[in-house]
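For reference, the structure discussed in these notes is given below.
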Amino acid sequence: MRHDEWVRRDAAVVWHGFTQMAAYAENRPVVVERAEGRELIDVEGRRYLDAISSLWVTTLGHCVPELDDAVRAQLARGAHTTMLGNGNRTVVELSEALARVVPVDDPHFLYASDGACAVEQALKIAWQFWVNRGEPRRTFLAFGGAYHGDTIGALSLGDGGFGTEIFDPLRFAVLRAPGFDDPACFDVAASMVAAHAGELAAVVVEPLVQGAAGMRVADPADLARLGEACRAHGVLLVCDEVATGFGRTGTLFASQQCGLRPDLLCLGKGLTAGYLAMSATVASGPVFDAFLGEDLGPRTLYHGHSYGGNALAAAVALRHLELIEAWDVLANVRERSAELRGLLDDRVAPHPAVREVRLCGLMGGVELAPPREGLRWGRRVCAAAVDRGVLLRPLGDVVVLVPPLTVTSREVHRIVDVLAAAIDETAGTP
Ligand SMILES: Cc1ncc(COP(=O)(O)O)c(C=O)c1O
């Protein structure tokens, strides 16, 4: 069956996220039949380099034999058993392995399925932490440009945009510091923490890189100062590492580069190497302890998702952690990042159609400079890249570059070649 026929069947029954379905078919979507290594293969056999890691989740690649084996082995032991009031051996083993590497003191793991759920859990835990201590607090502090997911709580923390204004009446108010594009944002945030300490349940931040804001990169020293302000004023720090976790920024967690030890840490996306839906909220020992009390008593966290702690996901996440170390994946991230930086600086940044290039590890954004609004350059550059066999997806007029962490030097060159050609084509310079 041809591509067009698959698109027709798709559009007839599937509702795609963040997608205007009336325009879905016109935008020439890729309909994947299978994936292999770092490539996706569509229903007509065309291959695409997955330079967005399937929306930032794929770390080692697709169909990695070692990860496939881990899923198969767990399948034979049961795909899922509930974590509500009961345990599962694979989940215990995963949690022990994660406990050795997360930048959280005496960590405890509450699992869910998607990043937004991990953030919701962090909000509820932070809120109830203060209630359990008998000192309720009324608000949170978040940053301009923040994105923490699409559920209502996560949306409230987020700075809006993406057409979400219609939900404003449902969003609860938070204190908002400026975004990472303002060099003073951390000083302002630190003084807001000092001024509102008694009413702030937590500060929530994407450490090092604000991803959905268009890959805005911060100085680790600034984040360290924010962490100190939270500690000094007794405000909980929540680090949302849904996007930055598991090696994306060149260390296993971005918080490590900033010297941060958050009270709550949100994990998702790369946790299972991009294989299965799993996220986690990691609570420090002191936060966890505030919930201990009598059985069925009011200090209990009454929260839990049906598929939280899914055993198949846990098995692949556990194997993933081992492979990151065994394959020295972080070294590859750092080397390919330096290479990508050099190529972008030479070939892309000087282009008159480019406003700025931002990169941290293998999280990159190329901000285009369209001469006027409404030209949809981001979408058009990405479409031109897809025509050339490299799958890219924009955030507005920022072309996002988030290749798998095992990307090779040749593939990095190919991404930049294709991106440069796509920009030339779109901006009209041959
Ligand atoms: C920093 C951050 N937090 C949370 C989320 C939401 O994750 P999910 O899409 O898995 O719900 C995202 C998604 O891009 C993210 O970048």
Side-chain angles (χ1 to χ4, degrees), residues 15-19 52-59 110-126 140-164 167 171 174 177 179-180 202-218 223 226 237-249 253-255 257-258 260 262 264-282 305 307-308 310 313 317 358 360-365 393-396 398 400-402:
W15 191 341
H16 293 264
F18 277 102
T19 301
I52 51 168
S53 297
S54 289
L55 241 293
W56 322 351
V57 301
T58 309
T59 56
L110 177 66
Y111 293 96
S113 302
D114 285 279
C117 298
V119 171
E120 294 288 336
Q121 294 184 157
L123 289 177
K124 288 179 70 179
I125 293 171
F140 295 89
L141 187 146
F143 284 77
Y147 176 76
H148 298 283
D150 298 330
T151 53
I152 298 296
L155 213 52
S156 304
L157 283 179
D159 195 18
F162 302 112
T164 60
F167 298 109
R171 295 166 69 210
V174 300
F180 288 13
V203 170
V204 186
V205 67
E206 296 161 81
L208 222 44
V209 188
Q210 285 188 314
M215 302 299 167
R216 301 243 168 233
V217 182
L223 278 144
L226 176 69
L237 176 66
V238 180
C239 284
D240 178 354
E241 293 231 30
V242 169
T244 51
F246 298 96
R248 238 329 122 201
T249 66
F253 300 101
S255 301
Q257 289 178 57
C258 313
L260 293 175
L264 289 155
L265 174 70
C266 302
L267 304 176
K269 292 198 186 275
L271 170 57
T272 64
Y275 265 56
L276 284 158
M278 175 178 251
S279 63
T281 310
V282 192
H305 293 284
Y307 279 98
N310 175 262
R358 300 183 283 269
C360 178
L362 288 174
M363 282 184 95
R393 191 181 150 83
L395 284 161
V398 178
V400 168
L401 302 176
V402 181

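First listed ligand is number 1; within each ligand, the first listed atom is number 1.
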Checklist entry - Who's touching ligand 1 if we go heavy atoms under 4.0 Å? => result W56, D114, G115, A116, Y147, H148, G149, E206, D240, V242, A243, K269
Item to check | Expected output: side-chain S156 to main-chain A154 donor-acceptor under 3.5 Å | outcome: no
Checklist entry - Which atom pair, heavy atoms only, marks the closest approach of L260 to C239? => result CD1-SG, 3.9 Å
Next on the checklist: Has Q210 got a side-chain atom pairing as donor or acceptor with F180's backbone, closer than 3.5 angstrom?
Outcome noted: yes
Checklist entry - Among all residues two or more places apart in sequence or in another chain, which pass the salt bridge (Lys or Arg N to Asp or Glu O under 4.0 Å) test with R393? => result none
Item to check | Any donor-acceptor pair under 3.5 Å from Q257 side chain to T249 backbone | outcome: yes
Checklist entry - What's the shortest heavy-atom distance between S255 and L265, and which atoms? => result OG-CD1, 4.4 Å
